[in-house]
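Below is one structure, written out as structure tokens; the observations come after it.
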Amino acid sequence: MAYDFDLFVIGGGSAGVRCARISAGHGARVAVAEERFWGGTCVNVGCVPKKIMVNATEYGQWAEDAAAFGWDVEIKGHDWARLATRRNAEIERLSGIYGRLLKGNGVTTFDARATFVDDHTLQVGDQRITAERILIATGGTAQRLDIPGAELGLISDDLFTLPALPRRVVIIGGGYIALEFACILHGLGAEVDVMYRAALPLRGFDADVRAEVVEALTTQGINLNPDVSPTRIARVDGHLMVNMSNNFMREADAVFFCTGRLPNTHGLGLDKAGVTTTAEGAIVVDEEHRSSQPHIYALGDVIDRVNLTPMATATGHALADTLFGNKPRRASYDNVATAVFTNPPIGTVGLSEEEAAARGPVDVYVTRFTPMRHSISGRKGRRTLMKLIVCQKTDRVLGAHMLGEDAAEIMQGIGIAVGMGATKADFDRTIGIHPTAAEEFVTLRTRAREAGVLPPAQAAAE
Ligand code: NDP
């Protein structure tokens, strides 16, 4: 049968655009449908506008700290509308580039929703289109909790359309978005309460990093409320009232649900195509990103594996090379470096101490220090933590973790070393760049402790 396209991509975000562009470059006839905005979450309501907001908070702090370095700076306040205008213009520019990139590579684009009619046919706006292969790259959407008054709360997308900085903010959740939003809003002048159901935020991160970020945020004046969940939100006299499971209440001008994201699969007609999902709606795929229908693939947040833009683009590129470039390959999900843009930020790659210790004996190296800049500025809550986890058997560095200025920038390079299997001896023989914080990663000489070592009786038994 002759199909209209060799590949039809549903979703013009990071995964879909990369896969479409590279596939077309390999000579395939490709189309993409996007119903909301080109570039997806990352460009429009995620990483990019968020990072601009993070930059805005940094400028405020640098301006405040400048006095200690001899500058006379008068800070008259922050203009939310001016920041929003500049941010939105940049987002529009980048989103436009995504659309043009596709057209420039000969990809047919549809500003429309696409749904399955059958496993090779899609309804795209008012057209029926057939494709030999189909890629589902529809991303995810932030979720509110199912509590009374939930509709009064905002989700992360809403930060980028708020007309003004809310004076008092409650953030529900303790993950990436919760902590980043807490730092942005506090950094721009809001009073911020974060409530999360666990004892520490950032589940899955190294325990020292989780404890250190609590210390850093609390010292700066962000109110962290562990071990609680919201039970109800109500509008009272023009503001919001959040009831908490510990019977406390918080008044707020805005409440953000940062309680995770669900894959965008609802209403796609997956049943008509025979594509199966998990109970949460994530598309089930194999190692080649093939769904239960071998010619239908899925990538990015819709498979809910490693929900990061660079992972989506890497897997999208690899799939295009495999399907149309005669270069079968996979992008590895191992040792993916990541950052949380808190203030200060977190950078991490590889295993946490807990994960590594569960696999075998490790040596743990930790340092904490105040960066030189803040010895002068005197700014509180800016202590840096750096940590390496080293396998006792092989000397390989299994994990590197940092909370501190430039952690995201520093961790990218460390990620290359860890991905290549660098040993602690490799780190030790590397000459530091002085004076930097990064050099601490190559001068960690004193082991703080060992972990994952079985008691002698148990070791003998195994
Ligand atoms: P996360 O999974 O990071 O955090 C979700 C938070 O919501 C957790 O604290 C979780 O608690 C809490 N939660 C979930 N369900 C409930 C519930 N029923 N009641 C109370 N609390 C609940 O999701 P995010 O939405 O913050 O981010 C989504 C993903 O997007 C991230 O995992 C990351 O992959 C990506 N991202 C990456 C960024 C970056 O690279 N800098 C920035 C932002 C997002 P618990 O841990 O106890 O389950």
Side-chain angles (χ1 to χ4, degrees), residues 13-15 40-55 139-148 150 153-160 170-184 194-205 207 209-210 213-214 217 224-233 242-246 255-264 279-280 282 299-315 333 336-349 352 402-403 407-409 411-412 415:
S14 305
T41 299
C42 170
V43 172
N44 295 280
V45 288
C47 323
V48 176
K50 177 276 305 286
K51 187 74 185 284
I52 295 170
M53 306 286 279
V54 169
N55 290 154
T141 305
Q143 295 303 305
R144 291 176 173 81
L145 296 185
D146 187 13
I147 56 169
L154 305 173
I155 58 167
S156 53
D157 296 12
D158 299 321
L159 178 68
F160 309 112
V170 166
I171 291 177
I172 302 166
Y176 275 79
I177 298 180
L179 295 199
E180 290 182 347
F181 275 31
C183 291
I184 289 169
V194 188
M195 43 180 87
Y196 43 90
R197 62 183 172 182
L200 288 171
L202 291 179
R203 180 163 56 86
F205 280 71
V209 171
R210 298 171 75 189
V213 79
V214 166
L217 269 51
L224 298 185
N225 304 271
D227 298 314
V228 290
S229 291
T231 53
R232 177 192 163 85
I233 306 173
V242 185
N243 289 44
M244 295 154 64
S245 52
N246 58 4
V255 178
F256 279 94
F257 283 102
C258 301
T259 42
R261 298 171 62 83
L262 282 184
N264 284 333
E280 290 74 36
L299 290 175
D301 288 4
V302 79
I303 63 170
D304 199 16
R305 207 176 265 185
V306 174
N307 296 341
L308 300 171
T309 293
M311 201 66 238
T313 50
T315 49
Y333 282 90
V336 176
T338 181
V340 187
F341 291 96
T342 41
N343 189 1
I346 294 166
T348 181
V349 63
S352 66
M402 174 175 177
L403 175 132
E409 304 292 341
M411 201 51 67
Q412 186 68 81

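Quick note: numbers below take in every heavy atom, side chains included, and nothing from hydrogens, waters or symmetry partners. In each ligand, atom 1 is the first atom listed, and ligand 1 is the first ligand listed.
- The CZ atom of Arg261 sits 4.5 Å away from the OG1 atom of Thr41 when rounded to the nearest 0.5 Å.
- In this structure, OG1 in Thr342 is found 11.0 Å from OH in Tyr176, a value given to the nearest 0.5 Å.
- Minimum interatomic distance between Ile147 and Pro230 (heavy atoms only, all atoms of both residues): CG2-O, 3.7 Å.
- Not a single N or O atom of Ala198, backbone or side chain, sits closer than 3.5 Å to an N or O atom of ligand 1.
- For ligand 1 and Cys258, the ligand atoms under 4.0 Å from any heavy atom of the residue are 5 (C), 6 (C), 7 (O).
- Near Lys50, the atoms of ligand 1 lying under 4.0 angstrom from a non-hydrogen atom of the residue are 41 (N), 42 (C).
- At a cut-off of 3.5 Å, with distance as the only test, a side-chain donor of Thr141 or Asn264 sits close to an acceptor on the other residue.
- No part of Pro201 comes within 4.0 Å of ligand 1, judged by heavy-atom distances.
- Of all atoms in ligand 1, numbered sequentially from 1 with element shown, those under 4.0 Å from a heavy atom of Arg261 are 25 (O), 28 (C).
- For the atom pair CG (Leu224) and CG (Leu179), the distance works out to 7.5 Å, reported to the nearest 0.5 Å.
- Among all protein heavy atoms, the one lying closest to atom 42 (C) of ligand 1 is Glu180 OE1, 3.3 Å.
- Note that the NZ atom of Lys50 and the CG atom of Leu159 stand 10.5 Å from one another [nearest 0.5 Å].
- In summary, the atoms of ligand 1 found under 4.0 Å from a heavy atom of Ala339, numbered by their order in the structure, are 39 (C), 40 (O), 41 (N).
- Residues Val214 and Pro201 meet the side-chain proximity criterion, which asks for heavy atoms closer than 4.5 Å.
- Protein heavy atoms are found less than 4.0 angstrom from atom 11 (O) of ligand 1.
- Looking at ligand 1, you won't find any N or O of Leu308 less than 3.5 Å from one of its N or O atoms.
- Here the protein heavy atom with the shortest distance to atom 15 (N) of ligand 1 is Arg197 NH2, 3.6 Å.
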Would you check, one step at a time, whether the test side-chain contact (heavy atoms from CB on, under 4.5 Å) holds for Leu403 with Phe205?
CA-CA 11 Å; Leu403 175 132; Phe205 280 71; over 6 Å; no
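- Contacts with ligand 1 closer than 4.0 Å are made by no heavy atom of Ala142, backbone or side chain.
- Here CG of Leu308 is found 10.5 Å from OG of Ser14. Values are rounded to the nearest 0.5 Å.
- Heavy atoms of Ile172 found under 4.0 angstrom from ligand 1: none, in either backbone or side chain.
- Rounding to the nearest 0.5 angstrom, the gap separating the CG atom in Leu217 from the CG atom in Asn343 is 8.0 Å.
- Assignment of Gln143 to the shell around ligand 1 is not supported, since no heavy atom sits closer than 4.0 Å.
- Within the 4.5 Å cutoff, side-chain heavy atoms of Met311 are placed close to those of Tyr333.
- Of the protein's non-hydrogen atoms, Arg203 NE, 3.4 Å is the one closest to atom 45 (P) of ligand 1.
- Proximity to Leu145 (heavy-atom distance under 4.0 Å) selects the following atoms of ligand 1: 16 (C), 17 (C), 18 (N), 19 (N), 20 (C).
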side-chain contact (heavy atoms from CB on, under 4.5 Å) between Leu145 and Ile172, worked out
CA-CA 9 Å; Leu145 296 185; Ile172 302 166; 4.1 Å; yes
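- The single protein non-hydrogen atom nearest to atom 9 (O) of ligand 1 is Gly174 N, 2.8 Å, given as residue, atom name and distance.
- In this structure, Glu409 contributes its side chain and Ala407 its backbone to no donor-acceptor pair below 3.5 Å.
- Applying the 4.0 Å criterion to heavy atoms of Asn307 picks out, from ligand 1, the atoms 30 (O), 33 (C), 34 (O), 35 (C).
- Among Ile177, Val54, Ile346, the residue whose heavy atom lies nearest to atom 44 (C) of ligand 1 is Ile177.
- Looking only at heavy atoms of the protein, atom 31 (C) of ligand 1 is closest to Tyr176 CD1, 3.6 Å.
- Taking atom 14 (C) of ligand 1 as the reference point, the nearest protein heavy-atom neighbour is Thr259 O, 3.4 Å.
- For atom 23 (O) of ligand 1, the candidate residues are Cys42, Gly175, Gly260; the nearest heavy-atom contact is made by Gly260.
- No heavy atom of Tyr196 sits closer than 4.0 Å to any atom of ligand 1.
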